[in-house]
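All remarks here apply to the structure that follows.
Please read these numbers as outputs of a predicted model, since none were measured by experiment.
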Amino acid sequence: FADPTAQESAFPERENPKLFNSSSQRGSDFVLQSRRPNIVFIMADDLGWNDVGWNPYSSVKTPTLTKLAARGVILENSYSLPKCAPSRFALMTGRHPIHSGFQASNARPDQPIGTPLEIPLISNVLKNLGYKTHLVGKWHLGFCNWSYTPTERGFDSFFGFYGG
């Protein structure tokens, strides 16, 4: 194994933030951004710890993700269930998946289940704070009728598919 102390840092801007300051950015834009940051959640099914370029022993090159991670927050101590829908439920609601109704399986088109409508999603919270909310990718939190779909649950737009 390579010595991680001998490798280049994946996050040079954390070591020398002056290198990454943009002098061309207008002051008012910077103030606006510092008050309300952009928020991007990336959830990848079956992603392993060593499947991203910023971990010291990874041979996988992920320059775009590494750049995003360097300027954001990396959540490394998390646990998930062996199915994707319960993990999505936890991310969207902030609640343990046992409250989802499908904690042991995924929602199928023939099942009349979904994330309970009385539970607010992070999209609702962010929208109430003035954010624009968009979802790209897999929903998999119920689609037995329109009230369970992303654009009815606080997302301004949705591009993806409802099931897994």
Side-chain angles (χ1 to χ4, degrees), residues 11 13 20 22 25-55 60-164:
F11 305 114
E13 60 269 16
F20 293 87
S22 172
Q25 191 172 28
R26 293 188 334 225
S28 61
D29 291 340
F30 181 76
V31 171
L32 180 63
Q33 287 178 357
S34 66
R35 277 191 240 146
R36 191 170 67 190
N38 292 323
I39 300 171
V40 176
F41 289 105
I42 298 174
M43 181 171 188
D45 291 339
D46 302 321
L47 182 71
W49 180 85
N50 219 23
D51 294 337
V52 289
W54 60 82
N55 286 326
V60 179
K61 304 295 183 209
T62 56
T64 302
L65 287 177
T66 300
K67 190 174 183 179
L68 284 170
R71 295 170 184 241
V73 176
I74 302 169
L75 304 175
E76 291 184 321
N77 292 329
S78 56
Y79 301 93
S80 66
L81 290 141
K83 300 281 184 173
C84 64
S87 296
R88 291 175 195 288
F89 174 87
L91 177 69
M92 292 287 186
T93 66
R95 295 180 179 207
H96 192 278
I98 195 73
H99 304 288
S100 69
F102 50 92
Q103 63 274 7
S105 64
N106 295 320
R108 295 188 325 255
D110 60 340
Q111 292 178 304
I113 65 169
T115 301
L117 298 175
E118 65 274 5
I119 297 177
L121 304 183
I122 194 166
S123 53
N124 303 114
V125 174
L126 292 172
K127 197 169 180 90
N128 289 338
L129 293 172
Y131 279 91
K132 300 289 184 195
T133 56
H134 307 282
L135 179 65
V136 176
K138 181 167 66 170
W139 174 244
H140 223 188
L141 292 175
F143 48 99
C144 56
N145 68 50
W146 286 116
S147 60
Y148 288 92
T149 60
T151 53
E152 297 295 319
R153 298 301 309 263
F155 286 98
D156 293 316
S157 67
F158 170 62
F159 181 78
F161 46 100
Y162 295 120

Please check this pair: side chain of Asn124 against backbone of Leu121, looking for a donor-acceptor N/O pair closer than 3.5 Å. yes
Establish, for the pair Arg36 and Tyr131, whether the NZ or CZ atom is under 6.0 angstrom from the six-membered ring centre and no further than 45 degrees off its axis. yes
Quick one: does Pro63's side chain get under 4.5 Å of Thr66's, heavy atoms only? no
Work out which heavy atom in Ile39 is nearest to a heavy atom in Phe41; give both atom names and the distance. CG2-CE1, 3.6 Å
So Tyr162 and Phe143, would you call those rings parallel, tilted or perpendicular, with 30° and 60° as cut-offs? parallel
Between Ser123 and Thr133, is there a donor-acceptor pair closer than 3.5 Å when you use the side chain of the first and the backbone of the second? no
Could you tell me whether the side chain of Thr62 and the main chain of Gly53 form a donor-acceptor pair under 3.5 Å? yes
Distance-minimising heavy-atom pair for Gly137 and Phe158: O-CE1, 3.6 Å
Can you establish whether the number of heavy atoms outside Trp49 located under 6.0 Å from its atom CH2 is more than 12? yes
Heavy-atom donor-acceptor pair, Trp146 side chain to Thr151 backbone, under 3.5 Å: no
Taking all non-hydrogen atoms of both residues into account, name the closest pair between His134 and Ser157 and its distance. ND1-OG, 2.6 Å
I'd like to know if the side chain of Arg153 and the backbone of Thr115 have a donor-acceptor N/O pair within less than 3.5 Å. yes
Identify the two heavy atoms, one from Pro97 and one from Pro86, that lie closest to each other, and give their separation to 0.1 Å. CG-O, 3.3 Å
Would you indicate whether the side-chain heavy atoms of Asn38 and Lys132 approach each other to under 4.5 Å? no
Heavy atoms of Leu141 and Ala85 approach each other most closely as CD2-O, 3.6 Å
Nearest non-hydrogen partners of Cys84 and Met43, listed with the distance: O-CE, 4.3 Å
